[in-house]
Protein chains: 2
Amino acid sequence: MSSTRDEIIETAAELLETQGYRATGLNQIVEESGAPKGSLYYYFPGGKEEFSTEAINKVAQEIKERIETSLAEIEDPDEAVEAFILRIAHHVRTSNFLKGGPITTVALEAVTTSERLNEACRETYDLWQSAFAEKLVQSGFSQARAKRLAALIIASIEGAIVLSRTNRSVAPLEYVAAELKLLLQTTPE
Amino acid sequence: MSSTRDEIIETAAELLETQGYRATGLNQIVEESGAPKGSLYYYFPGGKEEFSTEAINKVAQEIKERIETSLAEIEDPDEAVEAFILRIAHHVRTSNFLKGGPITTVALEAVTTSERLNEACRETYDLWQSAFAEKLVQSGFSQARAKRLAALIIASIEGAIVLSRTNRSVAPLEYVAAELKLLLQTTPE
DNA sequence: GTCTATACGGTGATAGAC
DNA sequence: GTCTATCACCGTATAGAC
């Protein structure tokens, strides 16, 4: 129940979201977290790769729960997904386009960098996709269709976040929200 | 018409696609391009940021033309977009999931790193989006709707590439291709 | 558990000879 | 145009005192 340990993970998660893996330095984490410098390798013998993996896993769980609770608030899947995406848009805007897509940069970096991080990212996306698919199945979509639609939802959100942060405008996220809403309004198959 | 200059840009483009900006070192570019080490700052006084910007602009044009020619081959927009995405899937697979989304990583890194790179990425996405939107307008969609749909197409492709590379499977790209095809089959509004 | 100091490699960039 | 040498800096990681 070390508070220091948690602080490191929490700070790492934030920096990974805004900067990515390579750009996030140990010194910066120590500085911003206020954690004692000497304790980093005490808590995480595996170094940068280890606490980054833990940071990803933590974020994975948090977002998964956010997806579930958000989708549970509205019965119609099209409106539920729309509302969820607009929440993300708000998050991106209020962060001044510094946040959003907490593991996207790391996921791309990990492909050529770290098998361990890559695996953590893979599991994270699976987790999120399952959360969306479950809602769609409950709404009457077949398992197969729900899986495809969930992939589209995750993919388009991730991509729209890239576009929104790059353009410093949440318009891409709003467009995606509107179009996905239309697609999900069709009769479930 | 310097061949050396072009080699540097070409190599930079490839490395930026697979590794991103921060991970791509000057030494690596010199080594893989076969360019004389001393000529890097001769051709690009602005250093890393400068030739990276040129690499992005070059890729932007190439992909734009690939979008246009690919979409021109098939009249129906739903089938045309599907075919284009499946071509990307092939590209991602044959690269062993090392390539795809040539500027995605750089775009995310640029938000907190380089105003110049950020601008280049912004223009690139605009260029690609316009290419899709034009095809949709020709197919009977309104300007406004075409713009939204183009944003969804770009976003979902970008995101699906992230998922596909992370999962070492082109399934996400295939799912997105199938679902976008369905969405575009609806009567143009 | 935490501190300080340090090792060691790599980075982008520059200088000056040729 | 190109080469070589070198710069100052930053990164991760480790050692050893306390």
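The basis for the numbers below is simple: all heavy atoms, side chains too, and nothing from hydrogens, waters or symmetry mates. Labels below follow one simple rule: chain letters A, B, ... track the order of the sequence lines, proteins then strands, and each chain is numbered from 1.
Atoms OH (A:Tyr21) and C1' (D:dG11) sit 11 Å apart, rounded to a whole Å. The CG-P distance, from A:Leu40 to C:dC3, rounds to 11 Å in whole Å. One can place CD of B:Glu50 at 15 Å from P of C:dG12, the figure rounded to the nearest angstrom. Between the CZ atom of A:Arg22 and the C1' atom of C:dT11 there is a distance of 10 Å, given to the nearest Å. To the nearest angstrom, C1' of C:dT6 lies 15 Å from CG of A:Leu26. To the nearest angstrom, P of C:dT11 lies 18 Å from CD of B:Glu49. B:Gln19 has its CD atom 15 Å from the P atom of C:dG10, to the nearest Å. If you take OH of A:Tyr43 and C1' of C:dG1, they are 6 Å apart, rounded to a whole angstrom.
At least one donor-acceptor pair under 3.5 Å links the side chain of A:Thr94 to the backbone N or O of A:His91.
If you find the closest nucleotide of DNA chain C to A:Ala35 and to B:Tyr41, the one lying nearer the 5' end belongs to A:Ala35. Residue order along DNA chain D, read from the 5' end via each residue's closest nucleotide, puts A:Gln28 first among A:Gln28 and A:Gly38.
Taking only side-chain nitrogens and oxygens, A:Tyr42 never comes nearer than 4.0 Å to OP1 or OP2 of C:dC3. For the pair B:Lys48 and C:dG12, the criterion of a side-chain N or O lying under 4.0 Å from OP1 or OP2 is met. Contact annotation: B:Asn27 does not reach the phosphate of C:dG12 (side-chain N/O to OP1 or OP2, under 4.0 Å).
Between A:Arg22 and B:Glu109 there is no salt bridge, since none of the side-chain N atoms of the basic residue sits less than 4.0 Å from a carboxylate O of the acidic one.
The side chain of B:Ser39 approaches D:dT2 more closely than any other nucleotide in the set D:dT2, C:dG1, C:dA13.
Under a hydrophobic-cluster definition in which Ile, Leu, Val, Met, Phe, Trp and Tyr are linked whenever side-chain heavy atoms come within less than 4.5 Å, directly or via other members, A:Val170 and A:Leu98 are assigned to different clusters. Each of A:Leu86 and A:Ile67 belongs to its own hydrophobic cluster when Ile, Leu, Val, Met, Phe, Trp and Tyr are linked at side-chain heavy-atom distances under 4.5 angstrom.
Both tests hold for A:Lys48 against A:Tyr21: distance to the six-membered ring centre under 6.0 Å, angle to the ring axis within 45°.
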